[in-house]
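The structure appears right after this line, and notes come after that.
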Protein chains: 2
Amino acid sequence: MKNEAEFRDFLLNGHLYYVPHVSIDCAIFGYHDQQLKLLLIRNRFVNGWCLPGGYILRTETLGQAASRIVRERTGVDNLFLQQFKTFGDPDRAQISKFDEARWFELTGLRDGKKSWLIDQTISVGFYAITDFSKTVLHTDFISAETAWFDIDRLPRLEFDHDAMVKEAMHTLRLQLYHYPIGYNLLPAKFTLTEIRALYETLLGKKLDVSNFPKKLIALGLLNKLSEKRSIGAHRSPHLYSFNKTRYNQALKEGIVLS
Amino acid sequence: MKNEAEFRDFLLNGHLYYVPHVSIDCAIFGYHDQQLKLLLIRNRFVNGWCLPGGYILRTETLGQAASRIVRERTGVDNLFLQQFKTFGDPDRAQISKFDEARWFELTGLRDGKKSWLIDQTISVGFYAITDFSKTVLHTDFISAETAWFDIDRLPRLEFDHDAMVKEAMHTLRLQLYHYPIGYNLLPAKFTLTEIRALYETLLGKKLDVSNFPKKLIALGLLNKLSEKRSIGAHRSPHLYSFNKTRYNQALKEGIVLS
DNA sequence: TCTTCATCTAGTAATTTTTACTAAATAACG
DNA sequence: CGTTATTTAGTAAAAATTACTAGATGAAGA
């Protein structure tokens, strides 16, 4: 959605190529240096912060739509997106709040309430994690701003997106115990302390300095490299990389992390 | 949907009180005496077996809709329904298969392809477990037949419902390890062998005769009663009941079953 | 009545996993 | 070269899981 012409066509004819009444919203978590952030956009129409979201093309699967939406709206590409829950409470979109005057001001169109967009919508929630330091954000006609927010300093979100974030976080943490993560969140070579810090940040709690890395190694997820990293006036920790075979197997079959 | 008049109104005006493009499908598992079954309906229009499904009223939450749909279509009431996944592949409904002649024969309406029903639909999947011996099935205008099928003798299902069942089963088994079940599946008083058989049937594998019940007791889920059950020429096993307090707590907080 | 038999279940031993703790190795700095 | 903070191997203690044994039991049948 680059310009007003495209946007006008979307408003008038969108229902022909998108599935009406169904949207997708994505909770994109970003990690870097023990900081956990969430990607939000400020929607030009509701004038508040939301999860990046959009509609499903009639030719797409839900996963493909989620991928495209995040790419278009935020510039973040190639994410591992995971469906977590679908939201459909009748009051979630708060159609009653619709402001006809503001709609006209922004779109130049009358009869906003008859638009295919302004009707009850069920939303499929996806979540993902990425390294926020590697992303290049951009905006489009709908998202006036795109930004990473500290996970414990989020603004109030529009619609039911607060509940979505809570649910996404809950699912993410449950899944952390059953599936490996880190492949796109850490450099190719990392220390045991770095991967432990990653898990601690995502889980929001301390893990054992010695036992947790041993568990990862016992599961066969890590390859010990001969190189070391220099960290100043301390013993240099070994570098590790992921054992890609074992990692992918764990993604399929699941693991048990204590 | 009791009669043709109601059904005709549904065809013509359904989009006014239902949310178009979104449906709900329910995988209702039934347990009794070490048998696991699945509730299916034979849909009068596609002329094949499907999961019971329907549309969402514009005033309902997803959960309320799922409850109502199962009650209306099958007669089973008051189920604990759990959302498990949303399905939206563009080819899942196989609109291409639509048969205009058959549509006219059944509905007396021309222009079937313009109906709000015959358009791409995204479906939210719910699952539940109940005691099939306690249910009283009935049919309606859409479901020509309603029946319990043995889980390993299912007929080929229409649409993508085979995949839905597989996914529902997968989620159910994962959740069995984290949440207690049995409250509506066993009599108020039951033996350790009976509850073990329940878990064995649902998980599809053998559990230790001695250790598994000990685990349930250790978790505080069971009350030992003073009564016993007579099972013929053998030692009479003790009867147990659920500790409702601990059971509900486990539902909220989760447990770990080995 | 007494033996037989299949099942239930308490008890415990063996094993594995988890958790807690100790101390040696080490790299850079002053 | 001693100091210092960190990494990490190693092991001991505790807990949980799994495997196994044997007595208890209730009814059927001799």
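Fair warning: this is a prediction, and the values are worked out from it, not measured in the lab.
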Original post:
With the threshold set at 4.0 Å, does a side-chain nitrogen-carboxylate oxygen contact exist between K206(A) and E200(A)?
Top reply: yes
Original post:
Are the charged groups of K85(B) and D25(B) less than 4.0 angstrom apart, N to O?
Top reply: no
Measure [atom1]/[X] against [atom2]/[N] and give the value in whole Å, please.
| X | N | atom1 | atom2 | result |
| --- | --- | --- | --- | --- |
| K206(B) | dA19(D) | NZ | P | 15 Å |
| Y240(B) | dC8(C) | OH | C1' | 10 Å |
| I255(B) | dA16(D) | CD1 | P | 15 Å |
| K214(A) | dA12(D) | NZ | C1' | 11 Å |
| N211(B) | dT18(D) | CG | P | 8 Å |
| F190(B) | dC8(C) | CZ | P | 15 Å |
| I231(A) | dA27(C) | CD1 | C1' | 8 Å |
| K224(A) | dT7(D) | NZ | C1' | 10 Å |

**OP:** I would like to know whether V76(A) and R71(A) meet side-chain contact (heavy atoms from CB on, under 4.5 Å); could you show each step before the answer?
**Re:** CA-CA 5 Å; V76(A) 180; R71(A) 185 176 61 247; over 6 Å; no
Original post:
Which part of the nucleic acid, if any, lies within contact of T191(B), taking any heavy atom under 4.0 Å across all strands shown: a base, the sugar-phosphate backbone alone, or nothing?
Top reply: nothing
Original post:
With respect to the phosphate group of dT7(D), does any side-chain polar atom (N or O) of S236(A) fall under 4.0 Å of OP1 or OP2?
Top reply: no
Original post:
Want to settle it: does A233(B) or P237(B) sit nearer the 5' end of DNA chain C, counting the closest nucleotide to each?
Top reply: A233(B)
Subject >> Whichever of L239(B) and H234(A) has its nearest DNA chain C nucleotide further upstream toward 5' >> reply: L239(B)
**OP:** Would you kindly compare K215(B) and S210(B) by the position of their nearest DNA chain D nucleotide and give the one closer to the 5′ end?
**Re:** K215(B)
Original post:
From the list dT9(C), dC8(C), dT8(D), which nucleotide is the closest neighbour of the side chain of T193(B)?
Top reply: dC8(C)
**OP:** Measure up the F190(A) and F242(A) rings against each other and bin them: parallel (under 30°), tilted (30 to 60°), perpendicular (over 60°).
**Re:** tilted
Original post:
Would you call the rings of H178(A) and H178(B) parallel, tilted or perpendicular if under 30° counts as parallel and over 60° as perpendicular?
Top reply: perpendicular
Original post:
Are the ring centres of Y199(B) and F212(B) closer than 6.0 Å?
Top reply: yes
Original post:
How about Y247(B) and Y183(B): are their ring centroids closer than 6.0 Å?
Top reply: yes
Subject >> Axis bend over the full length of the helix from dT1(C)-dA30(D) to dG30(C)-dC1(D), computed from five pairs that close each end, to 10 degrees >> reply: 20°
Original post:
Has the side chain of R235(A) got a donor or acceptor atom sitting under 3.5 Å from an opposite partner on the base of dT7(D)?
Top reply: yes
